[in-house]
Amino acid sequence: MKDDEWKEKLRLYDQLVATHPSLERKGKTMPYTSVNGHMFSMLNKDGEIGVRLSDEAGERFIKDHQTTRFKSHGAFMRGYVVVPEALCEDMDKLAALLQEAYEYALSLEPK
């Protein structure tokens with residue numbers, strides 16, 4: 001992925017994170033969000049946004065959106081799904097998905 005394309009994805013990711021006022025984007029080379037020591041969204045080097053969902057919600061999301069598990073640095077991230085490009089065009093739906101991921105992370109035992 002070209003640097004300018006990745007920067008555009010980073011702008012989209014930052015715009016998404018800004019929809020949730022209590023969140024801040026962390027990470028310089030691997031942007032992510034976290035709560036209670038659990039990451040729940042991130043942007044990989046390929047410019048894909050991944051969100052962490054419960055096993056059941058993740059399976060349903062993959063089926064409903066014809067997407068896959070999320071990879072970062074060549075490894076599948078447990079519980080993460082790739083947000084498809086079509087969904088990235090609807091900030092309201094994207095923000096609702098981030099909220100679902102946030103709520104799931106809050107349900108986990110704090111680290």
Side-chain angles (χ1 to χ4, degrees):
M1 168 168 275
K2 294 179 183 175
D3 191 50
D4 57 332
E5 292 173 330
W6 193 86
K7 286 180 181 176
E8 185 57 37
K9 292 293 188 172
L10 178 60
R11 277 191 284 277
L12 174 69
Y13 184 68
D14 283 342
Q15 186 181 10
L16 170 61
V17 173
T19 65
H20 199 295
S22 66
L23 296 181
E24 74 173 271
R25 193 227 337 143
K26 301 174 183 177
K28 290 184 179 188
T29 59
M30 187 194 78
Y32 69 95
T33 57
S34 67
V35 64
N36 292 340
H38 296 282
M39 294 190 312
F40 61 90
S41 77
M42 66 177 65
L43 180 69
N44 66 18
K45 289 184 178 186
D46 294 326
E48 296 171 321
I49 297 173
V51 294
R52 185 176 184 186
L53 302 171
S54 69
D55 290 342
E56 182 180 295
E59 291 299 324
R60 186 173 51 250
F61 186 85
I62 287 171
K63 183 179 177 186
D64 291 349
H65 296 279
Q66 291 89 46
T67 192
T68 61
R69 295 282 175 201
F70 180 78
K71 280 176 122 176
S72 184
H73 298 287
F76 286 102
M77 299 293 293
R78 185 170 179 253
Y80 281 79
V81 296
V82 174
V83 176
E85 283 296 318
L87 194 56
C88 290
E89 296 171 12
D90 187 333
M91 189 55 67
D92 290 338
K93 287 182 181 177
L94 204 52
L97 181 61
L98 181 66
Q99 179 66 31
E100 182 179 354
Y102 173 73
E103 289 171 7
Y104 173 66
L106 279 176
S107 77
L108 301 173
E109 189 71 30
K111 286 187 176 182

J.: Check for me, please, whether Val81 and Phe76 land in the same ILVMFWY cluster - side-chain distances under 4.5 Å, paths through other members count.
T.: no
J.: Under a 3.5 Å distance rule, please check whether Asp46 uses its side chain to pair with a backbone N or O of Glu48 as donor and acceptor.
T.: no
J.: Is any side-chain heavy atom of Arg69 closer than 4.5 Å to one of Arg78?
T.: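 Side-chain contact under 4.5 Å: no.
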J.: Do the side chains of Lys9 and Glu5 get nearer than 4.5 Å, heavy atoms only?
T.: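 Not in contact.
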J.: Under the side chain to side chain contact (heavy atoms under 4.5 Å, CB included) criterion, do Val82 and Phe61 qualify, and how do the steps go?
T.: CA-CA 9 Å; Val82 174; Phe61 186 85; over 6 Å; no
J.: Are Leu10 and Leu12 connected, step by step, through hydrophobic side chains (Ile, Leu, Val, Met, Phe, Trp, Tyr) whose heavy atoms are closer than 4.5 Å?
T.: yes
J.: Consider only side-chain heavy atoms of I, L, V, M, F, W and Y, link residues closer than 4.5 Å, and tell whether Leu97 and Val17 are in one cluster.
T.: yes
J.: Is the shortest side-chain heavy-atom distance between Val51 and Phe40 below 4.5 Å?
T.: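 Of all side-chain heavy-atom pairs linking Phe40 with Val51, none is under 4.5 Å.
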J.: Could you tell me whether the side chain of Leu98 reaches within less than 4.5 Å of the side chain of Leu23, counting heavy atoms only?
T.: yes
J.: Heavy-atom distance under 4.5 Å between the side chains of Thr33 and Met42, does that happen here?
T.: no
J.: Using a 4.5 Å cut-off on heavy atoms from C-beta on, say whether the side chain of Arg52 contacts that of Leu108.
T.: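 Yes - at least one pair of side-chain heavy atoms lies under 4.5 Å apart.
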J.: Hey, are the side chains of Gln15 and Met91 touching, using non-hydrogen atoms and a 4.5 Å cut-off?
T.: yes
J.: Could you pull out the closest heavy-atom pair between Cys88 and Ile49, with the gap in Å?
T.: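 It is SG-CD1, 4.3 Å.
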J.: Hey, is the main chain of Lys71 close enough, under 3.5 Å, to the side chain of Asn44 for a donor-acceptor pair?
T.: yes
J.: Which side-chain N or O atoms in residues 25-32 pair as donor and acceptor under 3.5 Å with protein atoms at least two apart or in another chain?
T.:
residue: Arg25; atom: NE; partner: Asp14; partner atom: OD1; Å: 2.6
residue: Arg25; atom: NH1; partner: Gly27; partner atom: O; Å: 3.0
residue: Arg25; atom: NH2; partner: Asp14; partner atom: OD2; Å: 3.4
residue: Lys26; atom: NZ; partner: Ser34; partner atom: OG; Å: 3.0

J.: Go through Thr68 and Ile62 one step at a time and tell me if the side chain to side chain contact (heavy atoms under 4.5 Å, CB included) criterion holds.
T.: CA-CA 6 Å; Thr68 61; Ile62 287 171; 5.9 Å; no
J.: If every non-hydrogen atom of Ser22 is compared with every non-hydrogen atom of Tyr102, which pair is closest and at what distance?
T.: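 What the structure gives for the nearest pair is OG-OH, 4.2 Å.
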J.: Please name the pair of heavy atoms, one in Lys111 and one in Gly37, separated by the smallest distance, quoted to 0.1 Å.
T.: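 What the structure gives for the nearest pair is CD-O, 3.2 Å.
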J.: Please assess Leu43 against Trp6 for the test side chain to side chain contact (heavy atoms under 4.5 Å, CB included), listing each intermediate value before the final yes or no.
T.: CA-CA 9 Å; Leu43 180 69; Trp6 193 86; 3.8 Å; yes
J.: Do Val83 and Thr67 have side-chain heavy atoms sitting under 4.5 Å apart?
T.: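 Answer no - side chains too far apart.
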J.: Could you tell me whether a side-chain N or O of Tyr13 sits under 3.5 Å from a main-chain N or O of Ser41, the two making a donor and an acceptor?
T.: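 Yes: the side chain of Tyr13 pairs with the backbone of Ser41.
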J.: Hey, mind stepping through Tyr80 and Ser72 against side chain to side chain contact (heavy atoms under 4.5 Å, CB included) and telling me if it holds?
T.: CA-CA 10 Å; Tyr80 281 79; Ser72 184; over 6 Å; no
J.: Taking His38's backbone N and O only, do any of them form a donor-acceptor pair with Asn36's side chain (distance below 3.5 Å, no angle check)?
T.: no
J.: Supply the atom-to-atom distance Glu59 CD to Ser54 OG, rounded to the nearest 0.5 angstrom.
T.: 9.5 Å
